[in-house]
Amino acid sequence: MSRLVVISNRVQQLNQGAGGNQGGLAVALLAALRERGGVWFGWSGGTTETFDGAITYEREGPTTTAVIDLEDQDIDEYYNGFANRTLWPLFHYRVDLTEFERDFNSGYARVNRRFADTVRPLIEDEDVVWVHDYHLVPLGEELRTRGVTNRIGFFLHIPWPPTDLLVSLPSHRRLVEALFAYDVVGFQTADWLENFRHYVVTQLGGTIGSDGHVTVGDRTIRAIPAPIGIETAEFEAAAATQGAIFARDRMYMSATGRSLIVGVDRLDYSKGLPERFAGYERFLASHPDRRGLVYMLQIAPPSREKVDTYQEIRATLDGLSGRINGEYADIDWTPLRYVNKGFPRAELAGVYRAARIALVTPLRDGMNLVAKEFVAAQDPRDPGVLILSRFAGAAAQLTGAVLVNPHSAEEMSDALATALEMPREERIRRWEVLIDNVRREDVHWWCDLFLNALEDVHVGEPA
């Protein structure tokens with residue numbers, strides 16, 4: 001079995017261990033690395049005055065993590081700039097928030113070259129290389145120019161936008177052409193894959209062959225849908241731990257008989273949090289008989305706080321939560337609890353277990369694993385209801401959810417009423433459909449699906 005080299009913007013450190021708070025992706029990649037042996041390479045999150053390519057290593061059995069520091073200018077232009085002020089909003093259909101700056105583009109290219117220069121000596125002849133996400137689209141091409149002939153795959157964790165949005169990026173052609181340095185390119189859903197194919201055909205004159213093969217000029221790659229899952233068995237086990245049980249009981253005691261509606265999202269405009277608050281506010285206005293019988297808990301840890309749009313979304317939510325509570329709260333009831341910090345995964349599992357409803361309503365999402373975690377945490381005898389945006393990648397798999405348009409406050413209000421009135425028999429029936437998919441197509445299934453496709457590539461031949 002070939003050794004695996006994983007390359008991503010950030011790296012899961014080994015010393016957190018299997019019992020740490022790492023997400024499903026980290027669990028799957030660490031499992032694959034421990035099985036195959038290999039290296040996980042990326043940015044440390046730290047800074048250096050002058051980039052010198054120094055690598056900090058950590059080893060555990062056959063697995064090594066290798067991280068580098070970046071200069072402040074690199075972080076400003078590559079991470080805060082092109083990655084999160086250009087690609088992230090554009091790929092989430094928010095061209096109105098997208099910033100096009102040449103310095104961002106040059107910083108993005110520079111850091112990808114630095115990644116390639118630094119990781120190149122770590123790649124051995126038989127290694128399989130797996131590059132992750134929008135931060136590192138050009139990395140495969142940079143590795144090829146440095147003589148890497150290994151099988152290289154790329155997986156995009158966020159949506160791929162429609163062609164008419166992508167062409168607003170000045171460097172759109174260059175970005176897409178860089179993907180043809182890879183052997184296999186994976187997308188979260190068939191819809192995102194179809195957007196990619198449409199661009200290739202209409203803008204690059206490419207052709208679509210059988211079995212996911214896409215050709216531009218003399219280069220053929222395999223492009224596949226590969227929806228990521230969670231570490232389902234591990235998360236179900238976490239929901240039965242003492243930490244989860246304690247968190248569940250805390251929520252029950254705090255609720256004093258009221259039904260809990262929960263949302264857990266990183267603080268980001270793609271998650272549709274202002275729209276979610278508006279939907280909940282519409283529910284309270286439309287169903288006065290329900291006031292005092294429900295409450296909503298929104299957990300939203302901050303992210304990318306140096307980017308202006310993230311500061312603006314936080315200010316918006318502060319104002320909305322204050323308005324809702326000011327309008328509807330009573331002396332013994334607060335309708336909305338809004339918390340700006342993260343919690344350990346076991347504790348979140350307990351919160352999910354206590355909830356009657358989960359609101360997972362992003363305006364656009366590559367997948368959304370919170371939806372799957374909520375399903376995995378439920379009591380099979382009395383499960384809660386998942387209300388899910390039809391614009392989340394997970395909607396294609398989680399057909400037992402109540403699907404909503406997150407832009408419609410009325411639709412979300414109606415969905416909340418439906419979920420609260422839903423009989424236990426229907427909740428169980430829907431949950432059984434959901435958990436079947438979450439168990440069957442878990443993160444280990446996803447990892448195997450992609451790596452098997454990459455292993456099938458014959459080195460030196462088209463994909």
Side-chain angles (χ1 to χ4, degrees), residues 5-13 25-26 29 39-58 64-92 98-123 129-148 150 152-158 160 166 169-182 185 303-310:
V5 176
V6 174
I7 308 173
S8 58
N9 177 59
R10 295 298 301 274
V11 172
Q12 178 65 49
Q13 294 301 291
L25 173 63
L29 293 180
V39 179
W40 192 345
F41 176 88
W43 173 38
S44 66
T47 60
T48 180
E49 288 189 10
T50 303
F51 180 81
D52 59 6
I55 301 176
T56 301
Y57 295 97
E58 182 186 350
T64 300
T65 59
V67 296
I68 57 173
D69 295 336
L70 295 175
E71 296 176 8
D72 286 333
Q73 183 180 1
D74 292 335
I75 297 166
D76 287 342
E77 295 175 355
Y78 149 77
Y79 182 72
N80 291 327
F82 196 77
N84 289 315
R85 291 161 72 174
T86 303
L87 292 185
W88 177 270
L90 180 61
F91 278 47
H92 286 87
T98 304
E99 299 179 38
F100 304 106
E101 298 286 346
R102 289 182 181 174
D103 287 347
F104 292 172
N105 205 345
S106 62
Y108 183 73
R110 182 178 64 252
V111 170
N112 272 269
R113 289 194 299 270
R114 288 179 167 178
F115 266 53
D117 287 336
T118 313
V119 77
R120 176 63 184 97
L122 307 183
I123 299 173
V129 181
W130 193 2
V131 179
H132 287 266
D133 224 0
Y134 62 104
H135 313 84
L136 302 173
V137 173
L139 185 59
E141 187 176 56
E142 295 293 345
L143 291 173
R144 296 298 187 200
T145 64
R146 288 156 178 78
V148 176
N150 305 53
I152 309 179
F154 176 84
F155 186 79
L156 184 68
H157 293 260
I158 64 174
W160 184 272
L166 185 56
L169 180 69
S171 58
H172 63 91
R173 186 182 183 95
R174 188 76 192 88
L175 188 79
V176 180
E177 287 175 340
L179 286 173
F180 283 80
Y182 296 99
V185 176
S303 67
R304 303 168 188 159
E305 294 181 90
K306 293 185 178 180
V307 178
D308 290 344
T309 48
Y310 290 84

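Note: hydrogens, waters and symmetry copies are ignored here, and every other heavy atom, side chains too, is used. Just so you know, these numbers come straight off a predicted model, no measurement behind them.
- Summarising the geometry, atom CZ belonging to R114 is positioned 9.5 Å from atom CG belonging to D52; distances are rounded to the nearest 0.5 Å.
- Taking 4.0 Å as the cut-off between side-chain N and carboxylate O, E77 and R102 do not count as a salt-bridged pair.
- There is no side-chain donor-acceptor pair under 3.5 Å between T47 and D69.
- For the pair V129 and V131, the minimum side-chain heavy-atom distance is below 4.5 Å.
- Contacts of F91 classified as ring-ring contact (aromatic ring centres under 6.0 Å, His included), with partners at least two apart in sequence or in another chain: W160.
- Under the side-chain contact (heavy atoms from CB on, under 4.5 Å) rule, S44 has a single partner from L70, T65, V67, I68, which is V67.
- The nearest pair of heavy atoms linking G140 to A181 is C-CB, 3.7 Å.
- Nearest heavy-atom pair across N112 and P138 is OD1-CD, 3.4 Å.
- When the side chain to side chain contact (heavy atoms under 4.5 Å, CB included) test is applied to N9, the partners found at least two apart in sequence or on another chain are W43, Y78, Y79, H135.
- Going from atom CD of E58 over to atom OG1 of T64 covers 9.5 Å, rounded to the nearest 0.5 Å.
- Looking only at side-chain heavy atoms (C-beta outward), F100 and S171 stay at 4.5 Å or farther from each other.
- Residues R110 and D74 form a side-chain contact, since some pair of their non-hydrogen atoms from C-beta on lies under 4.5 Å apart.
- No side-chain heavy atom of T48 sits less than 4.5 Å from a side-chain heavy atom of D72.
- Looking at every heavy atom in both residues, H132 comes nearest to V6 through CD2-CG1, 3.8 Å.
- Shown here for P121 and D117, the closest heavy-atom pair between the two residues is CD-O, 3.4 Å.
- Across E141 and A178, no two heavy atoms sit closer than the pair OE1-CB, 3.9 Å.
- Two residues are said to be in side-chain contact when any heavy atoms from C-beta on lie closer than 4.5 Å; V39 and Y57 fail this criterion.
- Heavy atoms only, all atoms of each residue included: R85 and N80 are closest at CD-O, 2.7 Å.
- V5 places none of its side-chain heavy atoms less than 4.5 Å from the side chain of L122.
- None of Y134, W130, F180, Y182 except one satisfies the ring-ring contact (aromatic ring centres under 6.0 Å, His included) rule with F154; the exception is Y182.
- Between R120 and V148, the closest side-chain pair of non-hydrogen atoms falls below 4.5 Å.
- Relative orientation of the F155 and H157 rings is perpendicular, given thresholds of 30° and 60° on the angle between their planes.
- W40 pairs by the side-chain hydrogen bond (donor to acceptor under 3.5 Å, both in side chains) definition with S8, not counting sequence neighbours.
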Can you check side chain to side chain contact (heavy atoms under 4.5 Å, CB included) on F51 and V111, steps first, answer last?
CA-CA 10 Å; F51 180 81; V111 170; over 6 Å; no

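- Within the 4.5 Å cutoff, the side chain of Y108 has heavy atoms near those of the L175 side chain.
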